[in-house]
Amino acid sequence: MAQATFHFPRGFLWGTATSSHQVEGDNKNNNWWAWEQESGRIAEGHTSGLACDWWAGRWQEDFDRAVETGQNAHRLSIEWSRIQPAPDRWDEHALDNYHQMLRGLKERGLTPIVTLHHFTDPFWLEEQGGWENEAVAALFEAYVRRVVETLKEYVSIWCTINEPNVVATAGYLMGWFPPGKQDLNAAIQVMTNQVRAHSAAYHAIHEIQSEARVGLVVNYRGFDPLRTWFPPDRLAARYVSRLYNDFFPRAALDGKLVFLTKRITIPQAIGTQDFLGINYYTQELIGFAPRAPKEIFLRRSFPENVDLSPSGVIANIPKGFLKALHWGLQYKVPIIVTENGVEDAADELRPRYIAEHIHQMWRAVNAYYPVEGYFHWSLIDNFEWHQGWTQRFGLWELDPETQIRSKRPSADLYAAICKQNGLSSDMLAEFAPIILEKIFPD
Ligand code: GAL
């Protein structure tokens with residue numbers, strides 16, 4: 001067996017990612033909490049409950065876990081509904097709690113990356129029409145100003161909106177996320193307002209903190225044609241990719257919002273990304289299906305004979321990750337992998353998923369793609385949105401009832417990668433021998 005190590009550049013960021021509603025617990029003043037109380041919304045009727053109990057202070061022990069496993073960064077999000085519980089009220093205690101968390105990261109040598117909007121909205125905002133209301137851009141900007149003014153001492157990398165493409169698709173086309181609509185016009189309105197809100201936040205942050213680096217986080221999903229020989233499949237895959245993957249980073253590059261039926265230009269959006277955050281999990285095949293109008297004339301599937309995660313939502317396609325990073329190059333800004341991971345309670349697939357994806361990322365870095373860091377989703381099992389607790393993404397397992405954490409083997413593999421700033425054949429021999437020959441051939 002060939003013995004070797006794939007090294008990453010000095011200063012590469014290695015961390016995990018979390019989001020407020022998924023880990024903090026007892027987070028009752030937002031649209032997701034209300035959604036969880038409605039029957040039939042969340043798998044098995046689960047609720048976020050205490051989540052990982054971070055709000056009461058358990059972040060301390062989990063940040064210790066991150067440090068002990070060699071990580072040097074962490075991505076978390078701020079909960080708008082805690083900072084601004086009512087339109088005319090700011091909560092200093094909540095700001096102080098985030099102050100302590102971020103100081104906690106710094107003291108442990110973990111570089112913070114902070115997301116300002118990760119899926120949840122204050123309940124009062126939803127009552128005002130949420131992201132369909134044009135006023136959201138100014139409201140978001142006011143909240144962002146307050147946060148950045150208070151926390152800038154600890155943070156210089158800000159993500160404005162996490163996965164605006166998922167918010168629009170899951171909340172306004174599929175109906176999985178609140179407000180549970182299936183309304184194309186509403187989705188278009190929301191996407192337009194997201195670009196406005198992102199741009200307003202971008203400019204406000206730079207005004208307050210000149211050294212800040214601000215970006216969007218996109219959920220990139222590879223879409224390949226089901227039948228490469230069939231032009232309608234090729235067209236469908238290309239179109240879906242443009243709308244899903246390119247829409248937001250394109251808008252932040254040249255201010256152009258390209259829909260199927262119309263184009264809009266928002267000049268304030270031009271040049272509003274200092275880096276691009278890419279969340280990559282999987283890729284899929286797209287077929288043109290004229291008889292499936294409910295699925296917008298598309299048939300979606302995974303290629304045959306690929307590894308699937310236990311509930312079948314993620315196919316292990318590491319080459320799709322390299323493709324995602326290659327796709328990101330066109331925006332001509334540095335890339336941060338803000339999320340990548342797999343749901344796998346038994347930790348059977350995760351070790352090779354991690355190793356194969358990091359191998360592909362190394363290929364990108366080795367070809368001088370400007371990738372600055374990697375954030376595994378996630379540090380610890382957390383509340384997985386409409387899938388509740390049925391999908392487990394953590395390097396640590398969590399029992400939400402007892403709050404007991406147990407380390408999965410993948411945490412040790414990831415620790416070895418972070419500590420060595422690279423991926424070695426020895427690590428694969430220990431944690432994922434089945435792919436050793438594939439990644440380190442003789
Ligand atoms: C992302 C999302 C995260 C997490 C992850 C795993 O789309 O940003 O909050 O839920 O998926 O499914």
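Keep in mind it's a predicted model, so treat the numbers as computed, not measured. Position 1 is the first residue of the sequence; numbering continues from there.
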Problem set entry | Pair T18-S378, side-chain donor/acceptor within less than 3.5 Å | no
For this session: Quick one: pull up CD in E397 and OG in S406 and give me the separation to the nearest 0.5 Å.
Result: 4.5 Å
Problem set entry | E430: partners by side chain to side chain contact (heavy atoms under 4.5 Å, CB included), with sequence neighbours left out | none
Exercise. Hey, does V114 have a side-chain heavy atom less than 4.5 Å from the side chain of L151?
Worked result: no
Seminar exercise, completed: By salt bridge (Lys or Arg N to Asp or Glu O under 4.0 Å), E339 pairs with (sequence neighbours left out) R75
Seminar exercise, completed: In this structure, CG of N133 is separated from CG of L125 (nearest 0.5 Å) by 7.5 Å
For this session: Would you mind reporting whether L395 and R350 have side-chain heavy atoms less than 4.5 Å apart?
Result: yes
Seminar exercise, completed: Sequence neighbours excluded, the answer for ring-ring contact (aromatic ring centres under 6.0 Å, His included) partners of W59 is F63
Exercise. Aromatic rings F321 and Y280: how do their planes relate, parallel, tilted or perpendicular, breaks at 30° and 60°?
Worked result: parallel
For this session: Check whether the ring centres of W33 and F123 lie less than 6.0 Å apart, and answer yes or no.
Result: no
Exercise. Do H74 and T16 have a side chain donor and acceptor closer than 3.5 Å?
Worked result: yes
Exercise. Just checking, any donor-acceptor pair under 3.5 angstrom between side chains of N165 and Y220?
Worked result: no
For this session: Take I286 and R300 through the side chain to side chain contact (heavy atoms under 4.5 Å, CB included) test and state the conclusion after the steps.
Result: CA-CA 5 Å; I286 294 289; R300 304 169 49 191; 3.9 Å; yes
For this session: Find out whether R58 and L398 are in side-chain contact, i.e. whether some heavy atom of one side chain is under 4.5 Å from a heavy atom of the other.
Result: no
Problem set entry | F259: partners by ring-ring contact (aromatic ring centres under 6.0 Å, His included), with sequence neighbours left out | F247
Exercise. Short question: side chain of D26, backbone of L50 - any donor-acceptor pair under 3.5 Å?
Worked result: no
For this session: Find the distance between OG1 (T120) and CG (N162) and round it off to the nearest 0.5 Å.
Result: 10.0 Å
Problem set entry | Contacts of E24 that satisfy salt bridge (Lys or Arg N to Asp or Glu O under 4.0 Å) - sequence neighbours left out | R82
For this session: Could you tell me which residues satisfy salt bridge (Lys or Arg N to Asp or Glu O under 4.0 Å) with E384, sequence neighbours excluded, listed by chain and number?
Result: none
Exercise. Under 30°, 30 to 60°, or over 60°: which ring-plane class applies to Y202 and H198, parallel, tilted or perpendicular?
Worked result: tilted
For this session: Could you tell me whether a side-chain N or O of N421 sits under 3.5 Å from a main-chain N or O of H7, the two making a donor and an acceptor?
Result: no
Exercise. Should I358 and Y414 be marked as a side chain to side chain contact (heavy atoms under 4.5 Å, CB included) after you check the CA-CA gap, both sets of side-chain angles, and the distance that decides it?
Worked result: CA-CA 10 Å; I358 287 177; Y414 192 52; 4.1 Å; yes
Side-chain donor-acceptor pairs of residues 328-336 under 3.5 Å, sequence neighbours excluded:
| from | atom 1 | to | atom 2 | distance (Å) |
| --- | --- | --- | --- | --- |
| Q330 | OE1 | R250 | NH2 | 3.4 |
| Q330 | NE2 | W327 | O | 3.0 |
| Y331 | OH | D246 | OD2 | 2.6 |

For this session: Give the C-alpha distance, both sets of side-chain angles, the deciding distance and a yes or no for ring pair (Phe, Tyr, Trp, His ring centres under 6.0 Å) between F223 and Y239.
Result: CA-CA 9 Å; F223 297 104; Y239 180 68; over 10 Å; no
Exercise. Mind checking whether S81 and N27 have side chains closer than 4.5 Å, heavy atoms only?
Worked result: yes
Exercise. Less than 6.0 Å separating the ring centroids of Y172 and W131?
Worked result: no
Problem set entry | Polar side chain donor-acceptor pair, Q268 to S199, under 3.5 angstrom | no
Exercise. Hey, are the side chains of L216 and Q194 touching, using non-hydrogen atoms and a 4.5 Å cut-off?
Worked result: no
Exercise. Is a side-chain donor or acceptor of T115 paired with a backbone partner of C159 at a separation under 3.5 angstrom?
Worked result: no
Exercise. Are S19 and W385 close enough that some pair of their side-chain heavy atoms sits under 4.5 Å apart?
Worked result: yes
For this session: Name all residues meeting the salt bridge (Lys or Arg N to Asp or Glu O under 4.0 Å) criterion together with R242; count only those two or more places apart in sequence or in a different chain, and write none if there are none.
Result: none
For this session: Taking the six-membered ring for Trp and the full ring for Phe, Tyr or His, determine whether the centres of W35 and F177 are under 6.0 Å apart.
Result: no
Problem set entry | Approximate separation, where rounding is to 0.5 Å, of L436 CG and D442 CG | 8.5 Å
Exercise. At their closest point, which heavy atom of F383 faces which heavy atom of T47, and how far apart are they?
Worked result: CE1-C, 3.5 Å
Problem set entry | Polar side chain donor-acceptor pair, N193 to R196, under 3.5 angstrom | yes
For this session: Count the heavy atoms of every other residue, nucleotide or ligand shown that sit under 6.0 Å from NZ of K106, and state whether that count exceeds 12.
Result: yes
Problem set entry | Summary of salt bridge (charged side-chain N to carboxylate O under 4.0 Å, His left out) pairs that have at least one residue in residues 371-382, sequence neighbours excluded | R213-E372, D381-R392, D381-R408
For this session: Search all heavy atoms of A73 against all heavy atoms of L110 and return the closest pair with its distance.
Result: N-CD2, 3.6 Å
Exercise. To the nearest 0.5 Å, what is the distance between CG (N185) and OG1 (T261)?
Worked result: 7.5 Å
Problem set entry | Which atom of A200 lies closest to which atom of A137, heavy atoms considered | CB-O, 4.2 Å
For this session: Can you label the angle between the W14 ring and the F8 ring as parallel, tilted or perpendicular, going by 30° and 60°?
Result: perpendicular
Problem set entry | Output field: ring centroids Y374/F12 closer than 6.0 Å | no
Exercise. Any side-chain heavy atom of R405 within less than 4.5 Å of one from Q403?
Worked result: yes
For this session: Using the side chain to side chain contact (heavy atoms under 4.5 Å, CB included) rule, take T160 and H117 through it: C-alpha gap first, then chi angles, then the decisive distance, then the call.
Result: CA-CA 6 Å; T160 55; H117 185 274; over 6 Å; no
For this session: Verify whether one side chain among E343 and S311 offers a donor that lies under 3.5 Å from an acceptor in the other.
Result: yes
Exercise. Can you tell me how far NE2 of H376 sits from OG1 of T69, rounded to the nearest 0.5 angstrom?
Worked result: 11.0 Å
Exercise. Would N219 and Y281 count as having a side-chain donor-acceptor pair, cut-off 3.5 Å?
Worked result: no
Exercise. Passes ring pair (Phe, Tyr, Trp, His ring centres under 6.0 Å), W362 versus Y369? Steps please.
Worked result: CA-CA 9 Å; W362 174 81; Y369 290 22; over 10 Å; no
Exercise. Stepwise, does the side chain to side chain contact (heavy atoms under 4.5 Å, CB included) test hold for H386 with R41?
Worked result: CA-CA 7 Å; H386 65 304; R41 297 300 195 191; over 6 Å; no
Exercise. Does a side-chain heavy-atom distance below 4.5 Å link H359 with P318?
Worked result: no
For this session: Sorted by first residue and then second, give each salt bridge (charged side-chain N to carboxylate O under 4.0 Å, His left out) pair with at least one member in residues 11-22; sequence neighbours left out.
Result: none
Exercise. Can you name the ring-ring contact (aromatic ring centres under 6.0 Å, His included) partners of Y154, sequence neighbours left out?
Worked result: H99
Exercise. Which residues satisfy the ring-ring contact (aromatic ring centres under 6.0 Å, His included) test with F248, sequence neighbours excluded?
Worked result: none
